[in-house]
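Structure record follows, encoded as structure tokens.
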Amino acid sequence: MKCPYCKSDDTRVIETREIDNNYEIRRRRECPTCSRRFTTREKLEGVVKMVVKNDGRREEFSSQKLRHGLQRACEKRPISAEAIESIVSGVEQEVFLLPQKEVDSRFLGKMVMEALKRLDDVAYIRFASVYKQFKDVTEFAVEIENIKKGRGKERSRQV
């Protein structure tokens, strides 16, 4: 592994940790030339999963695209990068455990919205507005009322 700082070819592994139920390995490395440390991740490459879009197009599942959408929804919210990564990893793991090679984009969207709903209402609304393609303010208001009703039910159960 090449050092990203000094480009030396000689780096050593300090620590190795399995994450996401053995689907990914995180390695902490050190460069003996410049003494800097960095982290690498290795992922198991499996079968390519295709996402079937609403218009019938198909594209390869991309955890990077999912991460980007989540980051946009969570922008300026008190949500850690680890929480976003956890959602990405969970969705990715769920997708790759499915027996079929194609996954409907609506299925992915619902999984992400459920995770965001538990995490942060504002991020959920932001993501839902793109996913559900809200056409006007009324649709926003309806979705916000649904969240409020859901929160009211949770509070009454806690009492």
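Since the model is a prediction, treat every value here as computed from it, not as a measurement. What you see below is based on every heavy atom in this structure, not just the backbone, and it leaves out hydrogens, waters and symmetry mates.
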Separation between SG of C3 and CZ of R29, rounded to the nearest 0.5 Å: 11.0 Å
Residue list, side-chain contact (heavy atoms from CB on, under 4.5 Å) with I144, at least two apart or on another chain: I125, K148
Inter- and intrachain pairs under salt bridge (Lys or Arg N to Asp or Glu O under 4.0 Å), touching residues 124-136, at least two apart: K132-E143
Interatomic distance, Q100 atom CD to M50 atom CE [nearest 0.5 angstrom]: 14.0 Å
Residues which pass side chain to side chain donor-acceptor pair (under 3.5 Å) with S62, listed by chain and number, not counting sequence neighbours: none
Qualifying salt bridge (Lys or Arg N to Asp or Glu O under 4.0 Å) pairs with a residue from residues 4-13, counting only residues at least two apart or across chains: R12-E30
Minimum side-chain heavy-atom gap R37-R28 below 4.5 Å: yes
Contacts of type salt bridge (Lys or Arg N to Asp or Glu O under 4.0 Å), residue K65, not counting sequence neighbours: E59
V51 with L98, same ILVMFWY side-chain cluster at under 4.5 Å: yes
Where at least one partner belongs to residues 110-139, residue pairs that pass ring-ring contact (aromatic ring centres under 6.0 Å, His included), sequence neighbours excluded: F134-F140
Pairwise side-chain contact, C34 with S8, heavy-atom cut-off 4.5 Å (strictly under): no
Distance (rounded to the nearest 0.5 Å) between E94 CD and L108 CG: 10.0 Å
Point-to-point distance, once rounded to the nearest 0.5 Å, from CG of L70 to CD1 of I84: 6.5 Å
Salt bridge (charged side-chain N to carboxylate O under 4.0 Å, His left out) evaluation trace for D55 with K53: CA-CA 5 Å; D55 62 3; K53 305 299 240 175; over 6 Å; no
Nonpolar side-chain network containing V52, other nodes, edges under 4.5 Å: none
Separation of L119 CG from I87 CD1 (nearest 0.5 Å): 5.0 Å
Any side-chain heavy-atom pair of S63 and V95 under 4.5 Å: no
Joint hydrophobic cluster, F96 plus V103, side-chain heavy atoms closer than 4.5 Å: yes
K49 vs E102 side-chain heavy atoms within contact, under 4.5 Å: no
Side chains of N54 and S105 in contact at under 4.5 Å (non-hydrogen atoms): yes
ILVMFWY cluster, V122 and I147 together (side-chain gap under 4.5 Å): no
Test item: R26 and T39 side chains (from C-beta on) under 4.5 Å apart, heavy atoms: yes
Spacing of CZ belonging to R36 relative to SG belonging to C6, to within rounding of 0.5 Å: 9.0 Å
Non-neighbouring partners of T16 that pass side chain to side chain donor-acceptor pair (under 3.5 Å), sequence neighbours left out: R27
Remaining members of hydrophobic cluster (4.5 Å side-chain criterion), Y5: M1, F38
By side chain to side chain donor-acceptor pair (under 3.5 Å) - contacts of E15 (at least two apart): R17
By salt bridge (Lys or Arg N to Asp or Glu O under 4.0 Å) - contacts of R106 (at least two apart): D104
Qualifying salt bridge (Lys or Arg N to Asp or Glu O under 4.0 Å) pairs with a residue from residues 69-83, counting only residues at least two apart or across chains: R77-D120
Heavy-atom side-chain contact between K2 and T11 under 4.5 Å: no
